[in-house]
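Note: hydrogens, waters and symmetry copies are ignored here, and every other heavy atom, side chains too, is used. Residue indices begin at 1 and follow the sequence shown. Start at 1 and go down the list; that is how both ligands and their atoms are numbered.
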Amino acid sequence: MTDQPSPLVRFAPSPTGLLHVGNVRAALINWLFARRSGGRFMLRIDDTDTVRSKPEYEQAIRRDLRWLGLDWDLEARQSDRMAFYEAARDKLIAAGRLYPCYETPEELELKRKARLSAGMPPIYDRAALKLTQADRAKLEAEGRTPHWRFLLTHEDVAFTDHIRGETRLHGGDYSDPVLIRADGLFLYTLCSVVDDIDFAVTHVIRGEDHVANTAVQIQLFHALGAVEPGFAHYPLLSDLSGDKLSKRSGSLSVEELRDELGVEPMAIASLLAKIGTSDAIEPRLTLAELAAELDFSHFSRGAPKFDPAELERLNARILHETPYEAVRERLKPYGEANEAFWLAVRPNLVRFADVAAWAAVAHGPVTPLIDEPDFITEAAGLLPPEPWDATSWKSWTGAVSAATGRKGKQLFLPLRRALTGLDHGPELAVLLPLIGRERVLERLGCSA
Ligand code: GLU
C-alpha cells in the first residue's frame, strides 16, 4: 500500500478581471491533471486585495469555468480566511522570520537606484533588521506603520519541477518579500502558502512567471513547518510576434470568445490543453479525452504562440464533428431540433450561430435567385410528389436532366440559387425534404 495522498490542485484567480486565454489555460491544465490522476480540483478566489477584487468578476469566473465544463470539488475565498493568515504571521514573527520595515516607497526606490548604479542587484538591503526597539518606537511615533518582510535564508532551494526538471534557485538572489503591507493587507505570497498547507494541496501547477515566487514560497512552507507540494511551471503564451499576450494581441476573455466570437468551449480546451506541447492540436469533443492525453513530459520549454485564427479553425472542425445529441437543445430556438438538419448544415458552420442562416434557408424567408425563369419553371413541373426523403433530390434532378439535357453545374447551380438564394451551402439532397414541396414551389416561382 502506498500512502501517497490523492492529488489536490487548485486554480487561484484574483477576481480583478475576466478570465482570459492565459488564465483559462491555468484552470484547464490543473483541472485535466486532477481528472487524469483521480484527484480533486479546487477553486480558490485570491481576493485579499479588497480594492481591486469585485464580486461581479468572481461571479463571471464561476460562470465561465462552468461553461467550459471545469467543475470544482471544493472552493475557498481568501477574504474568509484572515484568521489563518494572522496565525501564520504570529508564527513567523515568533520564529524571527518576519520583520517590520518602515521605508516609504520613495525611499525604497532611491535605494534600488543606488544599488543598480553601484552595479549591485537591486535587492532589499535589510536595513530594517538593524533597527533597535527605540528606533522603531520613534518611527511609529512619527506616524509610520510598518510593512512586514519575510527573512529569506541565503541558501539554495532545489525542487524537481514536473515540467522544467531539476530546478535550483538561490535565496540570496531575492529581496526579502513583503508579506503584509503597511495598510495591513496580507499579500498573495503568504496567503497562498497558508492555504496550500491548510488544504493539503499536492501540486502547484502555474505559469513560469511564478518560478521566483516558488523559491520564496518553498522557504515559507518550511518556515511554517510544512513540506512543500510538487510544482509544475509551464511557459506562458506569447502572441504571434513573440511578445507577452496582451488584450490587443489576442488575449481574449472567455466572455468575448463565447458571446462575441461564438467559440465552442471544446475549441478553447482543445487548443489550450495542447498548445506548447509536442502533441498535435486536434479537435477533441470531451474534456475526458484531453485529460487522458495530458502529459507534462510533452510540454516544450519555449513560449508557445497563441493564434486566434487557429482557435477559429478548430472551432469549425469541432462543429463539423459534433453529434446531434450534443446540440439538440441548442437547435430548439432555431426550430430545427432534428438530426437531418444538423447533419446537413454542420459541415458549413464556422460558428454555431451560423445555424440561423441555414434554418432560414430551410424555412425561409429566402430571396430566390432566378437567372433562367424558363428552365426553373420546367424543373418545377417535374417535382416529385411528397413524401420526400434523401433520394428525392436525385430523382427530381434526374428527371430534370433527362428533360433538358443539362448536367453538372448547369443543372445544379440554377436550382440551388433558386431554392436557397445562395451559390453554395449544405447538400441539397438533405435540404430538399427540410424545405418541403410547398416552399420549393414558391421559391421556384410557382404557387403551390
Ligand atoms: N492568484 C495568483 C495568480 O493569479 C495565483 C498563482 C498561483 O497559482 O499560485 O497569479
Side-chain angles (χ1 to χ4, degrees), residues 7-34 39-55 57-58 60-62 64-65 70 72-82 84-85 88 150 157 159 161-164 167 169 174 177-179 181 185-221 224 226 228-237 244-247 251 253-254 272 296 299:
L8 172 65
V9 294
R10 81 292 192 285
F11 171 54
S14 300
T16 54
L18 293 171
L19 281 189
H20 53 80
V21 168
N23 48 22
V24 159
R25 183 159 163 254
L28 179 70
I29 295 173
N30 275 282
W31 190 93
L32 295 174
F33 180 84
R40 288 168 308 144
F41 174 73
M42 171 177 185
L43 172 62
R44 189 182 85 200
I45 303 292
D46 282 6
D47 63 345
T48 52
D49 183 341
T50 45
V51 175
R52 293 177 59 227
S53 298
K54 300 268 180 288
Y57 287 130
E58 183 180 329
I61 289 168
R62 291 167 188 275
D64 292 347
L65 289 176
L70 305 179
W72 52 95
D73 305 299
L74 64 162
E75 64 177 59
R77 192 185 286 120
Q78 289 191 326
S79 57
D80 296 336
R81 296 181 37 78
M82 287 304 153
F84 298 95
Y85 310 139
F150 176 55
V157 172
F159 60 99
D161 190 290
H162 289 268
I163 293 174
R164 299 160 61 88
T167 306
L169 303 159
Y174 304 97
V178 177
L179 300 188
R181 281 194 337 202
L185 193 84
F186 285 90
L187 292 181
Y188 153 79
T189 309
L190 174 66
C191 303
S192 184
V193 170
V194 171
D195 293 344
D196 288 341
I197 295 172
D198 288 353
F199 290 95
V201 165
T202 60
H203 297 77
V204 170
I205 306 167
R206 57 190 180 187
E208 229 169 43
D209 53 333
H210 283 290
V211 170
N213 283 336
T214 297
V216 166
Q217 289 182 333
I218 287 179
Q219 288 206 10
L220 257 175
F221 277 101
L224 291 169
E228 73 274 19
F231 288 94
H233 294 93
Y234 49 81
L236 296 183
L237 299 178
K244 198 168 167 270
L245 259 197
S246 66
K247 210 170 155 50
S251 184
S253 67
V254 175
L272 295 183
F296 285 149
F299 277 67

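- Close approach to S14 involves these atoms of ligand 1, each under 4.0 Å from a residue heavy atom: 1 (N).
- At a threshold of 4.5 Å between non-hydrogen side-chain atoms, the residues R44 and E75 do not count as touching.
- Within the model, atoms CG of N213 and OH of Y174 stand 9.5 Å from one another, a figure rounded to the nearest 0.5 Å.
- Here the rule is ring-ring contact (aromatic ring centres under 6.0 Å, His included) with H203, and of F33, F159, F11, F296 only F33 fits it.
- T202 places none of its side-chain heavy atoms less than 4.5 Å from the side chain of P229.
- With hydrogens left out, the protein atom closest to atom 9 (O) of ligand 1 is Y188 OH, 2.5 Å, a heavy atom.
- H210 NE2, 3.0 Å is the protein heavy atom nearest to atom 10 (O) of ligand 1.
- Heavy-atom distances between R10 and ligand 1 reach below 4.0 Å in at least one pair.
- Near R206, with a cut-off below 4.0 Å to any heavy atom, the atoms of ligand 1 are 7 (C), 8 (O), 9 (O).
- Of the polar atoms of D46, at least one N or O is found under 3.5 Å from an N or O of ligand 1, judged by distance alone.
- For L272 against V24, the heavy-atom pair with the smallest separation is CD1-CG1, 3.6 Å.
- The distance criterion of under 3.5 Å between nitrogen or oxygen atoms is met by A12 with respect to ligand 1.
- At least one side-chain heavy atom of E58 sits less than 4.5 Å from a side-chain heavy atom of R77.
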